[in-house]
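Heads up: the structure comes next, in C-alpha cells.
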Amino acid sequence: MKTVLDLQFEEAYKVASSTKIKLPPDIMLQFYAYYKQATKGNNYEEPSGDVELRNAFKLNAWFQLNHLTEKEAKQKYIELVNKYLKL
C-alpha cells in the first residue's frame, strides 16, 4: 500500500516531468539526484545519455546524496518541486 509520501512524490514527479519551465542545469541536477536516490537508493547505475561529461555530473550529484534514505530523498524532491515549479 502506498503511503501519503509516495503519493505526494508521484504527484511531484508528474509536475516536474510535464513542466515547460526552463530550470538552470544545477537545479536540474538536483532533481535528477533526488529522484534517483528516492527510487534507487544507493544502487547506482550508469545514467542514460551519450554525453560523458553530463553523465559524470549526474552520477556525482547522485553520489553526494548517499547519506539520505529513500524517504528523505522523496521529501527533498517534493520540496524542490514546490520551490521551483509550483506557482
Side-chain angles (χ1 to χ4, degrees):
M1 189 162 161
K2 292 185 180 179
T3 66
V4 171
L5 180 63
D6 291 331
L7 296 172
Q8 290 173 337
F9 177 73
E10 288 176 9
E11 183 60 32
Y13 177 73
K14 286 179 191 173
V15 170
S17 298
S18 63
T19 188
K20 302 291 185 226
I21 298 171
K22 198 78 163 143
L23 296 170
D26 61 321
I27 303 302
M28 293 299 293
L29 275 175
Q30 289 179 41
F31 273 97
Y32 175 83
Y34 283 121
Y35 178 81
K36 284 298 194 177
Q37 189 66 17
T39 58
K40 303 285 186 185
N42 292 336
N43 300 312
Y44 304 109
E45 57 188 35
E46 182 81 26
S48 61
D50 55 358
V51 180
E52 262 186 62
L53 184 59
R54 182 180 299 154
N55 286 348
F57 276 107
K58 287 169 134 181
L59 203 50
N60 183 50
W62 186 5
F63 283 157
Q64 291 180 35
L65 301 181
N66 68 3
H67 63 283
L68 295 178
T69 66
E70 292 177 19
K71 285 182 180 181
E72 290 169 329
K74 284 179 182 182
Q75 186 59 49
K76 294 288 189 183
Y77 186 91
I78 292 164
E79 290 170 14
L80 271 183
V81 169
N82 287 333
K83 181 175 181 178
Y84 292 105
L85 302 177
K86 295 277 182 162
L87 303 176

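Basis for what follows: all heavy atoms, side chains included, without hydrogens, waters or symmetry-related copies. Since the model is a prediction, treat every value here as computed from it, not as a measurement.
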Determine whether a donor-acceptor pair (N or O, by modelled atom type, separation under 3.5 Å) exists between the side chain of Asp6 and the backbone of Thr3.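 Yes.
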Would a distance-only check, ignoring hydrogens and angles, find a side-chain to backbone donor-acceptor pair under 3.5 Å from Gln8 to Ile78?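 Here the side-chain-to-backbone pair does not exist.
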Please find the pair of heavy atoms, one from Ala73 and one from Ala38, that lie closest to each other, and give the distance. CB-N, 3.5 Å
So, taking the atom named CG in Asn55 and the one named CG in Asn60, what distance separates them when rounded to the nearest 0.5 Å?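 Asn55 CG to Asn60 CG: 12.5 Å, rounded to 0.5 Å.
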What verdict does the side chain to side chain contact (heavy atoms under 4.5 Å, CB included) test give for Thr19 and Tyr84, after you've listed the backbone C-alpha separation in whole Å, the side-chain angles of each residue and the deciding distance to 0.1 Å? CA-CA 10 Å; Thr19 188; Tyr84 292 105; over 6 Å; no
Is the shortest heavy-atom distance from the side chain of Tyr13 to the side chain of Val81 under 4.5 Å? no
Side chains of Tyr77 and Thr39: does their closest heavy-atom pair fall under 4.5 Å? no
Cluster check Leu5, Leu68: I/L/V/M/F/W/Y, side chain < 4.5 angstrom: yes
Under the criterion side chain to side chain contact (heavy atoms under 4.5 Å, CB included), I'd like the reasoning laid out for Leu80 against Lys76: C-alpha separation, chi angles, the key distance, then a yes or no. CA-CA 6 Å; Leu80 271 183; Lys76 294 288 189 183; over 6 Å; no
For residues 42-52, which residue pairs pass the salt bridge (charged side-chain N to carboxylate O under 4.0 Å, His left out) check, not counting sequence neighbours? Lys36-Glu45, Lys40-Glu45
Please work out which of the three classes, parallel, tilted or perpendicular, describes the rings of Phe9 and Tyr35, given edges at 30° and 60°. parallel
Starting from Leu29 and following side-chain heavy-atom contacts under 4.5 Å between hydrophobic residues (I, L, V, M, F, W, Y), which residues can be reached?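 Leu29 clusters with Leu53, Phe57.
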Mind checking ring pair (Phe, Tyr, Trp, His ring centres under 6.0 Å) for Tyr32 and listing every partner two or more places apart, or none if nothing turns up?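 Tyr32 satisfies ring pair (Phe, Tyr, Trp, His ring centres under 6.0 Å) with no other residue.
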Under the side chain to side chain contact (heavy atoms under 4.5 Å, CB included) rule, what do Gln37 and Asn42 come out as? Steps first, then yes or no, please. CA-CA 7 Å; Gln37 189 66 17; Asn42 292 336; 3.0 Å; yes
